[in-house]
Colleague: 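Here it is: the structure, laid out below.
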Amino acid sequence: MASNRILTTHVGSLVRPPKLIEFLRKIEDRQPYDQGAYEVCLKESIEEVVRQQADAGIDIVSDGEFSKGRNWAFYVHDRLSGVTTRSLTEDEAKDPMASVGGGQDRVAFPEFYAEYDRVSGLGKRLGARFVVNAPLTYSDVQVKRDIANLKAAAAKAKVAGAFLPVVAPASALPNAKNEHYPDEKSCCGRSPTACTRNSRPSSMPAFTCRSMTPSCPTCTKRWCRR
C-alpha cells in the first residue's frame with residue numbers, strides 16, 4: 001500500500017460490456033438463458049474491467065457491479081427469500097411511499113425520466129410493489145461467487161485492493177409492504193439483518209464492501225424510523 005499518497009478508487013458502478021448486457025436483459029425480463037455461458041461471460045467481463053481500472057491507475061478496484069444482474073439494488077431479491085412482487089393497487093399508485101421511483105426531480109424533469117426509465121429498465125418496475133410475505137432469509141451462494149471472481153481478477157491485475165458495492169436495506173426494499181411480520185418495526189428490523197450477510201466483508205484483508213443507499217432520502221420515514 002502507498003504511504004506517500006492518497007489511494008485512488010471510485011463509486012463502484014461501471015459501464016457493462018455489450019456481451020454481458022445481452023445476458024442482463026434476459027435476466028431482467030425473466031427470459032431463459034444459458035447459465036453456464038453467463039457465468040463465463042461474467043467472470044471474463046470482471047477480469048477485463050478490473051484490468052482496465054488498473055491500467056487507468058485505480059488502486060482500489062471494484063467488479064463494476066457487473067455481478068448485480070438485473071439491477072444495482074433489486075439484484076438482492078434473487079438472494080433473499082420471503083419477498084415477492086405484485087402490481088400496485090389503485091390506492092398504492094397514488095402513494096409516493098408505495099412507489100419504486102420517487103422524488104421531486106421526477107416532477108421537475110419528466111422528459112429525462114421518461115427516457116431514463118425506458119433505457120435503464122426502471123419503467124418495468126414502477127408499477128410494482130414488493131411484498132414481504134415470509135421470513136426474510138439470505139442465500140450467500142452468489143456473493144461467494146462475486147468474491148471469488150473479484151479476488152481472481154484483482155490478483156491477476158496486481159492491484160492494491162478491491163471492494164464489492166452492495167445495497168443497503170433502505171434501497172433493497174424501498175416500497176415493501178409487510179404481510180408477514182407482526183408489525184413494521186419487526187419487518188424493518190429483519191431487513192437489515194438479512195441484508196447484512198450480503199454486505200459482510202470477505203476474510204481477505206485487502207477486500208472490503210461499500211454499502212450503497214441512494215434511496216435513503218425518499219425512504220427515510222419508512223426504513224429509518226427506529
Side-chain angles (χ1 to χ4, degrees), residues 1-29 33-80 115-116 119-122 138-172 195-216:
M1 303 292 284
S3 59
N4 60 344
R5 64 182 178 85
I6 298 174
L7 297 181
T8 57
T9 187
H10 60 97
V11 69
S13 184
L14 297 170
V15 177
R16 281 63 164 167
K19 61 180 181 179
L20 182 60
I21 289 176
E22 292 180 14
F23 283 107
L24 298 182
R25 284 177 175 166
K26 290 182 178 179
I27 294 172
E28 168 71 25
D29 294 335
Y33 64 97
D34 187 325
Q35 180 69 34
Y38 165 68
E39 295 294 345
V40 171
C41 179
L42 177 62
K43 187 175 187 296
E44 292 177 347
S45 298
I46 290 173
E47 285 186 356
E48 175 65 13
V49 78
V50 167
R51 182 192 62 78
Q52 291 174 342
Q53 291 171 76
D55 290 346
I58 300 297
D59 297 301
I60 304 173
V61 303
S62 80
D63 66 350
E65 289 194 336
F66 288 6
S67 61
K68 297 302 181 280
R70 51 190 236 181
N71 176 267
W72 68 271
F74 304 150
Y75 75 92
V76 79
H77 294 184
D78 294 329
R79 307 178 186 194
L80 285 172
E115 178 70 7
Y116 173 79
V119 174
S120 68
L122 183 59
Y138 182 78
S139 170
D140 61 5
V141 173
Q142 291 187 25
V143 75
K144 286 181 176 178
R145 174 205 64 190
D146 299 345
I147 292 171
N149 283 341
L150 182 55
K151 178 182 178 182
K156 195 171 183 179
K158 297 181 174 61
V159 292
F163 71 95
L164 282 173
V166 297
V167 66
S171 295
C195 288
T196 294
R197 294 191 63 192
N198 169 64
S199 60
R200 286 177 181 167
S202 74
S203 59
M204 296 164 286
F207 277 60
T208 59
C209 70
R210 295 184 189 174
S211 184
M212 309 297 187
T213 182
S215 297
C216 195

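Quick caveat, the model's predicted, so the values are computed rather than measured.
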Colleague: Determine yes or no for a side-chain-to-main-chain donor-acceptor pair under 3.5 angstrom, with Thr8 supplying the side chain and Asp59 the backbone.
Modeller: yes
Colleague: Between Glu47 and Lys43, is there a salt bridge with N-O shorter than 4.0 Å?
Modeller: yes
Colleague: Evaluate whether atom OH of Tyr38 has more than 12 neighbouring non-hydrogen atoms of other residues, nucleotides or ligands under 6.0 angstrom away.
Modeller: yes
Colleague: Just wondering, do Glu48 and Leu20 contact through their side chains at under 4.5 Å, heavy atoms?
Modeller: no
Colleague: Can you tell me if Tyr33 uses its side chain to pair, donor with acceptor, with the backbone of Glu22 under 3.5 Å?
Modeller: no
Colleague: Okay, side chain of His10, backbone of Val61: is any donor-acceptor separation there less than 3.5 Å?
Modeller: no
Colleague: Compare all side-chain heavy atoms of Leu24 with those of Arg16 and state whether any distance is below 4.5 angstrom.
Modeller: yes
Colleague: Do Gln52 and Leu14 touch side chain to side chain, with heavy atoms closer than 4.5 Å?
Modeller: no
Colleague: Give a yes or no answer on whether the side chain of Ser13 reaches the backbone of Glu65 with a donor-acceptor pair at less than 3.5 Å.
Modeller: no
Colleague: Going by an N to O cut-off under 4.0 Å, is there a salt bridge joining Arg25 and Glu28?
Modeller: no
Colleague: Under a 4.5 Å cut-off applied to non-hydrogen side-chain atoms, are Ile147 and Leu164 in contact?
Modeller: yes
Colleague: Looking only at heavy atoms, what is the nearest atom pair of Ala172 and Val167, with distance?
Modeller: N-CG2, 3.7 Å
Colleague: Taking C-beta and beyond as the side chain, do Leu42 and Phe23 meet within less than 4.5 Å on heavy atoms?
Modeller: no
Colleague: For Ser62 versus Leu150, what's the shortest heavy-atom pair and its separation?
Modeller: C-CD1, 3.9 Å
Colleague: Short question: side chain of Gln53, backbone of Val49 - any donor-acceptor pair under 3.5 Å?
Modeller: yes
Colleague: Any heavy-atom pair between the side chains of Pro165 and Asp63 that's under 4.5 Å?
Modeller: yes
Colleague: Is the closest side-chain heavy-atom distance between Gln142 and Ser67 below 4.5 Å?
Modeller: no
Colleague: Crowded around Lys19 NZ? As in, over 12 foreign heavy atoms under 6.0 Å?
Modeller: yes
